[in-house]
Structures are given as C-alpha cells and as structure tokens.
Engineer: 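One structure follows; several queries about it will come next.
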Number of protein chains: 2
Amino acid sequence: MAQRTRADALTRERIVEAAVELLDADGESGLTFRTLTERLSTGPGAIYWHVANKGELLDAATASVIGGALAVEVTGTPQDEIRAIALGLFDAVERHPWLPPQLAVQLSRSPWSSVTPRIFESIGQRVSVLGVPESTWFTATSALVHYVFGAAGQNAANARVLARGVDRADLLDAAANAWEELDPGDHPFLRAIAGQVRGHDDREQFLTGIDLILTGITGAAPCGSTRP
Amino acid sequence: MAQRTRADALTRERIVEAAVELLDADGESGLTFRTLTERLSTGPGAIYWHVANKGELLDAATASVIGGALAVEVTGTPQDEIRAIALGLFDAVERHPWLPPQLAVQLSRSPWSSVTPRIFESIGQRVSVLGVPESTWFTATSALVHYVFGAAGQNAANARVLARGVDRADLLDAAANAWEELDPGDHPFLRAIAGQVRGHDDREQFLTGIDLILTGITGAAPCGSTRP
DNA sequence: ACCTGAACACCGTTCAAGT
DNA sequence: ACCTGAACACCGTTCAAGT
C-alpha cells in the first residue's frame, strides 16, 4: 500500500477532530481505534505515531472543545461576562455530552494543569474586578467553577438521554409523576417541587444559580474581608 | 467442583461490597470481572446470576456509597445541616475518588432516578425551612447540589493523584510555581492567586462556597445572621 | 436455584516491516 | 519520518453443563 500523499497527510489535529466527531455522534463508546482508523483510512500504528495513547487523545479532544468554548468574545459588566462564559461552557457540554465523565478522568491525571486553569483564568479575571477583597478571589472563583462543572455535568446527563430520542417534556413529566406518588413522609421535598420540575428551563435555572453565587460573593464581602 | 455452602453463599450485597473494595484500592481499572471473580473465588457466570452487567454493578456500588454518606444523622440550624450533609458527600467522594466519573455515566443512564433525587430530598428538606419562597426551592437546591457535585469532583481528582503517593504540599507548590511563571499579560489571575492556592484547606474552602450560595439564597443577608 | 469455566467478540497497544 | 497491518494480552459477556 502506498504511503499517504501530502494532501491527506495524518496530523494530530485531524486525528483529534475525527475523535471529537465520533464522540459527538455515538458517545464515549463510539470512539475506538477501530472506528477511528476506519474513518481516517489508516491503521492503529499511524495513530500511535501522532498520539501516545487513547488517554492523550481524549485529553486533546477535551482541550479542543473547552478551548473553543472559552475563545468566544464577551463584553459587558463583570457579572455579564461571567454569565456569558459560564453559559458558553454549559452549552458546549450540552453539545458534547461525553465531556463530563472524560473531564473527571482527565482531572485526576493532572488536576491543576490542563483545562481547569484556563477556566479559572477566564472566570477569575472577571471576579477580580468585582470589587471584592483579593483574599476572596480564589475561593469565589472556585465556587463559580465548581458550580459550572456540576450543573453542566447534570445537564449533559440529560442531553445524553435526549440524544437517545426521548422527549424532554416526557422525561421531566415521568420524573415529576414519580415524585408526586412518593410517600409524603419520606419525600416531602420531592413532592413539593415536582410541579416546578415539569416546566423549568435548564439554561435559565443555570443562570439563576450563577446569580445566587454572585450575590453571595459581592454580598458576603464584609465577612470575607476580615481574612488577611 | 462442589457448589458453595450456605455460609459463603454469593449475594448481590457481597458482590457490591467486593466491587467497592476493589474500586477503592485501585480505581476504576481495578474492577474487572477477573479481579472480582478471583476475590470472590468464583467464575463470571456466578456474578451474572446476581447482576445484569457491569454497568448495573457500578450503579449499585455508587448507590451503596452515596446512601451511606446520606445516612448519617445531622442536627442544628438548616444551614448547619446543609453544611454537614454537603461535607459528608465531599468526604465520601474523597474516600471513593472513582465516584465522580462513574456518577457522571450513571446519571446519563437515568438522570432523574437513582441517586440524585435522594441528594435533592436530603438537602431540599433543609432549604424548605430556610424561610424563602417555595417557588425558589427547586432552583436553590439545584445550585447547592450542583456545587457539591462539581467541588467533590475536583477534589476527587486531587485525591486520586495523592493516592499515587504524591505529597499534597508538593502538588499545590508545583501548580503555584508554574502559575507564578506565567506571562502576566496572558494569565494575570492565576499569577495573583498562586499564593492563596499554596496553603489553602480544601474542606474549609468547600464550606465557604456553600456559605456563599446560602447567602445568595437567603437574599444576601449578612453572613450567619439568620442563624438563631 | 445457583454456580462452573471454557469460549467468543472486541478492545488498546506493540512492533517488525515497509516506503 | 511516517505509515502498514498482523499479532498479543486483556476485557465484558454468553452459555452449555453441572449440582
């Protein structure tokens, strides 16, 4: 078999791009060296020339997607920009619902390198112009980033179910109905909120959560300022 | 080979227990049907008699661990109880750092059943006696739960690195040093907070984040003033 | 009803060989 | 330097057979 011509030469970027497409189409199980080599019309050895192993490939796919989400321009008050950045990440995770489990694994390979610092920098820059003491910046930014991760993870889980053809209203209805039939003594709270679940908007609720934390950050400033 | 005597009979609980032990010891890759059958002195067919497949086994392991964390008694003001429940989950995830990726996968199998409703009920019961309008309960509880998930996930990633024998101070030092050498134009925020990262306490920072959200929920009342 | 263990399809990875 | 593709060890799962 002849070697590839320069036009369709294999590059790391082309491999990562194909990996993201396979992950988007069929989830984590959709990316194997078989499907990847088939799509790229090559053999496993060619992949391994450009990428050390599957973990590094998944890391690169994650960095590529998160980097794209952080690259969008945002303008406005610091609060507006934080909302826009957070929503950008939220939407990116919804489009690529394989991200959260993969990110959780990647973080444990190198928790303070890779993608987390870029998100911290992006959100933290806006926190630092919020007018709160510098001693609170790290904790305030952590709270925002952790909330974004958690909310995006839950939403991605929903997105993966919806990708299987389930209707969103049906999904929420089924949960709400089940909760309304729970024993009031054991589960008073789920019974009480079942109605709110049925009609809620995920993105709107996500932003309300961001606002809660922003209120806490700017409102709690007098308390936090006692720290050196 | 003789069948098992009644004393060492295989049960679903015994299998789940062994699975948790293997996951705790060696992470997600530590649990295979080979290691599991070896530890239980049986064959794969015996496991499949009690458990449908590996996914169900992982779901059961997750439910077992989260259930244990939620079972502890907590007393105090609603805020105190929320802090205690959140910290219990945080600590459980630190002891079982394989949880976050697994939970992310499990949620996408059935996002509104399984373990999330139990956490919502537990935290939501305390939110409902915080004195805020019922229309805000669902969103407020979501914000708390998502924050807990995100923060616990990040912390679990750290825990997995530390489990490999890395010293915590060395890990934070390495990150802080790297950030202090970044270009100030590109990464002003990471440079600014590098010093705070070095000495911070994860659990304390986690609880401060909970307090930020509680402050936001109760309407930016001065810190702690709602406590009797 | 509960368990055994060989067998199967599939996976990530390696590596001698080609150009 | 870059790619090929057969081969290897390991994985989850099945199932005919035992008690």
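Throughout, protein chains are lettered first and strands after them, A, B, ... in sequence-line order, and every chain is numbered starting at 1. On a predicted model such as this, the values are computed, not experimentally measured, just so you know.
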Engineer: When you get a sec, tell me which of C:dT4, D:dC3, D:dT13 is the closest nucleotide to the side chain of A:Leu10?
Structural biologist: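 It is D:dC3.
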Engineer: With sequence neighbours left out, write down each residue that passes side-chain hydrogen bond (donor to acceptor under 3.5 Å, both in side chains) with A:Asp91, or none if nothing qualifies.
Structural biologist: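 side-chain hydrogen bond (donor to acceptor under 3.5 Å, both in side chains) check on A:Asp91 returns A:Arg203.
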Engineer: Who is the Watson-Crick or G-U wobble partner of C:dA17, with both distances under 3.5 Å?
Structural biologist: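 Pair assignment: C:dA17 / none.
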Engineer: What residues in residues 23-32 of chain A put a non-hydrogen atom under 4.0 Å from any atom of DNA chain C?
Structural biologist: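 DNA chain C contact set from residues 23-32 of chain A: A:Leu31, A:Thr32.
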Engineer: If you take any heavy atom closer than 4.0 Å to DNA chain D, which residues from residues 43-52 of chain B end up in contact?
Structural biologist: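 Those residues whose heavy atoms fall under 4.0 Å from DNA chain D, taken from residues 43-52 of chain B in numerical order, are B:Pro44, B:Gly45, B:Tyr48.
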Engineer: List the steps and the verdict of side-chain hydrogen bond (donor to acceptor under 3.5 Å, both in side chains) for B:Arg168 and B:Asn158.
Structural biologist: CA-CA 9 Å; B:Arg168 195 188 115 92; B:Asn158 293 347; over 6 Å; no
Engineer: Rounded to whole Å, please give me the gap between CG in B:Leu36 and P in C:dC3.
Structural biologist: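 It works out to 13 Å between those atoms.
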Engineer: Determine, using ring centers only, whether B:Tyr147 and A:Tyr147 are less than 6.0 Å apart.
Structural biologist: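 No, too far apart.
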Engineer: Using purine N1 to pyrimidine N3 plus N6-O4 or O6-N4 for Watson-Crick, or N1-O2 and O6-N3 for G-U wobble, both under 3.5 Å, which nucleotide pairs with C:dC3?
Structural biologist: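 Pairing partner, where one exists within any strand: none, as none qualifies.
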Engineer: Which comes earlier along DNA chain C counting from the 5' end, the contact point of B:Arg34 or that of B:Thr11, where each point is its nearest nucleotide?
Structural biologist: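 This one resolves to B:Thr11.
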Engineer: A:Lys54 NZ to D:dC11 P: how many Å, rounded?
Structural biologist: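 Rounded to the whole Å, the gap is 15 Å.
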Engineer: Treating A:Glu94 as the side-chain partner and A:Ala156 as the backbone partner, does any N or O pair qualify as donor plus acceptor under 3.5 Å?
Structural biologist: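 No, the answer is negative, given that no donor and acceptor are paired below the 3.5 Å cut-off.
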Engineer: Could you tell me which nucleotide pairs with C:dC11 by Watson-Crick or G-U wobble geometry, both distances under 3.5 Å, or answer none if nothing does?
Structural biologist: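 Looking at the geometry, C:dC11 pairs with no nucleotide.
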Engineer: Is the side chain of A:Glu28 donor-acceptor paired with the backbone N or O of A:Trp98 at a distance under 3.5 Å, no angle test?
Structural biologist: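 Side chain of A:Glu28 to backbone of A:Trp98, a donor-acceptor pair under 3.5 Å: no, none is there.
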